Amino acid sequence: MPGTKRFQHVIETPEPGKWELSEYEASLPITEKSNPLTKDLDKANAEQIVQLLGQCDAEIFQEEGSAMPAYQRLYSESILTTMVHVAEKVQEVLKDPEGGLVVLSGGGTSGRMAFLMSVAAGKKRVIVIGISVGLSAPFVAGQMDFCMSNPDIFLPVLVGFNPINMARNDPIEDWNSTFREIAEKMQKLQEKQKAFVLNPAIGPEGLSGSSRMKGGSATKVLLETLLLAAHKTVDRGIAASQSCLLEILRTFERAHKVTYSQGTKIAALMKQASTSLEKKGRVYLVGWQTLGIIAIMDGVECIHSFGADFQDVRGFLIGDHSDMFNRKEELIDQGPQFSFSQEDFLSSILPSLTEIDTVLFIFTLDDNLTEVETLVEQVKKKTPNIQALAHSTVGQYLPSPLKKLFPSIISITWPLLFFEYEGNFIQKFQRELSTKWVLNTVSTGAHVLRGKILYNHMLDLRLRNSKLFWRGLAMLQRFSGQPKAQCIKSLLKAIHFPQEVSEEIQAAPISYHIQVAHEKEQVIPTALLTLLFRCSIPEAKTHLTASPSVCETIKNILLRLGRKRSADSIDTLKMTIE
C-alpha cells in the first residue's frame, strides 16, 4: 500500500505488520522483536533476501496504521514537532559557533554512525545527542544523566527507536539508575524544552536485533534531516519548519527506491561474497572518502553479528583521510585488525589475495578515477572476483577503460540537484545511505546463504556486551522452551567451560561473564544443544564440530523435536543424529 495517507511519498511500504499488535512478542522491545516479514529468511534465495530486507528498510518511512496501536513513527506529528524544536536549538549554536557545540555520541553502531556524520559535517561546528537504538546503552544513559545535572551547560537529546516504556529497565552495574528512568526524566523535561527524546518506531530489524541495519540507517536519516534543516534555515535567516524536514526526508525515500531498484545486481554480489566465504576466502570492501568509512563499519559489524573472523569481511578507506582521524597511529598500534588505509591494503592484503577472494570497489564518479583504475588493475591480477558499486550524477559516465575492467557494476545514478548548498549535502547523504543499504544487505545475505541464521535470528553471535548477553539468553528461552533459570545455567556453563560454574561465578556481575565470553565461539549454539539434548558441553561441541551448518542442524533438531521433549524422544533424536 502507499506509505502514507497524510503525505505524498516516494516509495511504498508494507502493510502495518503483526509486530504492531500489543501481544506480539510482548516481553520484547520493538528493536528486539523478530520481524514477521523475514520469519523465513533462512529459506530465502539471494533475490528474495534483497527484496525482504528492502521491505524492512521501507518500514522506516511507514506512518502510523489506523487500526494498530499508535506507536509514533518518523512522520508522526509528535516526532516532526520535536525535530523542529531540536533544529531550532541547533540553529542557536550555528549562529554563534564559538559559544556552543553539538556533540553526537553513541556506542557500537550508534557511535560509528555518530563518527560518520561528524566527518560529513566538515568545518561546521556541530548540543549532546545521545544515540541508543534500543534505548539500552549504559554509556549513553550516563551522558544524558550528566547533561540533565548540568542544565546551564548541556541540552541532552536522546535518539532511539523504542517507546519509553520499552527502554531497558535492568540495573546498570555501579550505578543507581536504569536507562528507562533516565528516559522518563528526559520526557518530563521535554515539556520545558530542557531535554528532548526522538524515538519513532521503525519496526523490528530484518535480522532480529541487528541494529546495525535499520537502526543505523534510521539514525542517519533522522539526524541528518534535522541537522541539514538547521543549517539550511539558519543560512536563509528563516525558522525551521516541518515542511523543510519533509522535503529532506523525501530525498532519503528516493535513495531507498533508487538503491533497491538494483536488486538483481545486489543479489549477484551477495552470492559471490557468500561463495568466497564458503570457500574460506575473504571479502574486501574498498571505498573512497566517507564510503570507505561505511565499508569499514560494515566489515567490523560482521564480527559480533555473525561470529565472523575479523578477516572475513574487511573494509578499507582509500585516499587522504588525515582530516578524519585524530590519532590514526594509536589505532594501528593495536594490531592488524585496526589496519584500514590504502597503504595497509597495498602492503598487507594485495600480496596475499587469491582467486577465491572477492573485492568490491566503492566510489563516485567525482573521485579520482585514474586512482580507481590503477588499483583495480592490480587487484584483477590476483582475483577475477571483482565488482563495483559506482555512484554518479545524471550526465556523468564511467570511462570505458575502467568500465571494461569489471565483470559486474552496481551503477546508481542520482538526479541533478540545482540548489547547490543543500544539494551537495543531500547527494552525499544519499550516496552514503545507499552504500550502507547495499553493504548491509550483501554481508547479511552472504551469512544467511552460509547457514549462519536460524529463521531470522543471529544464533551464532558473540556476547560482547550486556545487550547481546540478554539477547542470547532470550534466544535460548525461545528455542529450548526451558525456564529462564535453566537457560541462564546452561549459558554460564557454555561461557566458562572447562571451568565449573561455582556459586561465586553465578553471583558475578554480567560484565565478568561478558569478559570471559568475549573471544569464545559458538557459545549460544553450544548452550542451546545442552538444553535440547540435556547433554554435557563436550557432547554439544562434538555435535557442532560435525555439523557443516550450525543453524541448519539446530533447525532440523527443533523440527524433529516439535513440542515433545520427553527423555525418550530426545534419546531417539540423539541416536538418529549420531
Side-chain angles (χ1 to χ4, degrees), residues 29-33 35 38 53-62 74 104-121 129-137 139-140 157-162 198-227 249 252-253 255-256 259-260 285 287 290-306 308 313 315 362 428-445 447 456 458 461 464-465 467-468 471:
I30 293 172
T31 55
E32 293 291 324
K33 294 181 190 292
N35 198 314
T38 57
L53 295 183
Q55 288 178 333
C56 288
D57 285 328
E59 289 183 322
I60 294 172
F61 305 101
Q62 193 177 53
L74 185 60
L104 305 178
S105 175
T109 294
S110 299
R112 289 184 280 272
M113 195 57 62
F115 172 74
L116 173 67
M117 286 186 282
S118 66
V119 167
I129 301 179
I131 311 163
S132 178
V133 170
L135 300 185
S136 60
F139 170 73
V140 173
V157 179
L158 177 62
V159 174
F161 304 104
N162 279 322
L198 283 165
N199 61 326
I202 57 172
E205 296 286 357
L207 192 60
S208 299
S210 184
S211 57
R212 82 185 188 106
M213 300 173 69
K214 190 193 295 185
S217 301
T219 298
K220 182 172 172 62
V221 169
L222 190 155
L223 288 181
E224 286 180 345
T225 297
L226 184 158
L227 295 172
L249 286 172
F252 287 115
E253 285 194 53
H256 181 280
T259 302
Y260 283 101
L285 312 172
T290 54
L291 303 187
I293 296 178
I294 294 171
I296 295 169
M297 290 168 58
D298 194 82
V300 167
E301 288 160 355
C302 289
I303 299 171
H304 56 259
S305 294
F306 308 108
V313 182
I362 310 159
K428 181 184 182 70
F429 295 161
Q430 287 179 317
R431 290 170 170 180
E432 291 172 352
L433 182 60
S434 176
T435 298
K436 181 182 183 300
W437 274 330
V438 171
L439 297 188
N440 285 172
T441 299
V442 167
S443 59
T444 297
H447 286 92
N456 59 359
M458 305 178 292
L461 52 78
R464 292 179 176 267
N465 56 46
K467 179 177 70 174
L468 296 178
R471 184 184 300 163

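Computed from a prediction, not measured in an experiment: that's the story for all the values here.
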Candidate pair Arg464 and Ile303, rule side-chain contact (heavy atoms from CB on, under 4.5 Å), full reasoning: CA-CA 10 Å; Arg464 292 179 176 267; Ile303 299 171; 3.3 Å; yes
side-chain contact (heavy atoms from CB on, under 4.5 Å) evaluation trace for His447 with Leu207: CA-CA 11 Å; His447 286 92; Leu207 192 60; over 6 Å; no
Partners meeting side-chain hydrogen bond (donor to acceptor under 3.5 Å, both in side chains) with Lys436 (sequence neighbours left out):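 With sequence neighbours excluded, Lys436 shows a side-chain hydrogen bond (donor to acceptor under 3.5 Å, both in side chains) to Ser217, Asn440, given in chain and number order.
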Taking all heavy atoms of [X] and all of [Y], pick out the closest pair and write down the distance.
{"X": "Phe139", "Y": "Ser105", "result": "CE2-OG, 3.4 Å"}
{"X": "Phe306", "Y": "Thr444", "result": "CZ-CA, 3.8 Å"}
{"X": "Ser443", "Y": "Cys302", "result": "CB-SG, 3.7 Å"}
{"X": "Ser211", "Y": "Val133", "result": "CB-CG1, 3.7 Å"}
{"X": "Cys56", "Y": "Thr38", "result": "SG-CG2, 3.7 Å"}
{"X": "Gly134", "Y": "Thr31", "result": "CA-OG1, 3.5 Å"}

Candidate pair Leu226 and Leu198, rule side-chain contact (heavy atoms from CB on, under 4.5 Å), full reasoning: CA-CA 11 Å; Leu226 184 158; Leu198 283 165; 3.7 Å; yes
About how many Å separate [atom2] of [Y] and [atom1] of [X], when rounded to the nearest 0.5 Å?
{"X": "Lys428", "Y": "Thr290", "atom1": "NZ", "atom2": "OG1", "result": "3.5 Å"}
{"X": "Leu285", "Y": "Ile296", "atom1": "CG", "atom2": "CD1", "result": "10.0 Å"}
{"X": "Leu227", "Y": "Leu104", "atom1": "CG", "atom2": "CG", "result": "6.5 Å"}
{"X": "Thr259", "Y": "Asp57", "atom1": "OG1", "atom2": "CG", "result": "9.0 Å"}
{"X": "Ser132", "Y": "Asn162", "atom1": "OG", "atom2": "CG", "result": "9.0 Å"}
{"X": "Ile60", "Y": "Met213", "atom1": "CD1", "atom2": "CE", "result": "10.0 Å"}

Steps toward side-chain contact (heavy atoms from CB on, under 4.5 Å) verdict (Thr225, Phe429): CA-CA 10 Å; Thr225 297; Phe429 295 161; over 6 Å; no
Qualifying salt bridge (charged side-chain N to carboxylate O under 4.0 Å, His left out) pairs with a residue from residues 296-305, counting only residues at least two apart or across chains: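 Only Arg112-Glu301, Arg212-Asp298, Arg212-Glu301 qualify under salt bridge (charged side-chain N to carboxylate O under 4.0 Å, His left out).
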Listed once per pair and sorted, the salt bridge (charged side-chain N to carboxylate O under 4.0 Å, His left out) pairs that draw on residues 199-208, sequence neighbours left out: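 Counting only pairs at least two positions apart or across chains, no salt bridge (charged side-chain N to carboxylate O under 4.0 Å, His left out) contact touches residues 199-208.
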Between the main-chain N or O of [Y] and the side-chain N or O of [X], is there a donor-acceptor pair closer than 3.5 Å?
{"X": "Lys214", "Y": "Ile202", "result": "yes"}
{"X": "Asn199", "Y": "Gly160", "result": "no"}
{"X": "Ser208", "Y": "Asn456", "result": "yes"}

Find out whether [X] and [Y] are in side-chain contact, i.e. whether some heavy atom of one side chain is under 4.5 Å from a heavy atom of the other.
{"X": "Pro204", "Y": "Ile30", "result": "yes"}
{"X": "Val140", "Y": "Ile131", "result": "no"}
{"X": "Val300", "Y": "Met297", "result": "no"}

Parallel, tilted or perpendicular, as decided by the 30° and 60° cut-offs, for the rings of His256 and Trp437: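 Because their plane-to-plane angle is over 60°, the rings of Trp437 and His256 count as perpendicular.
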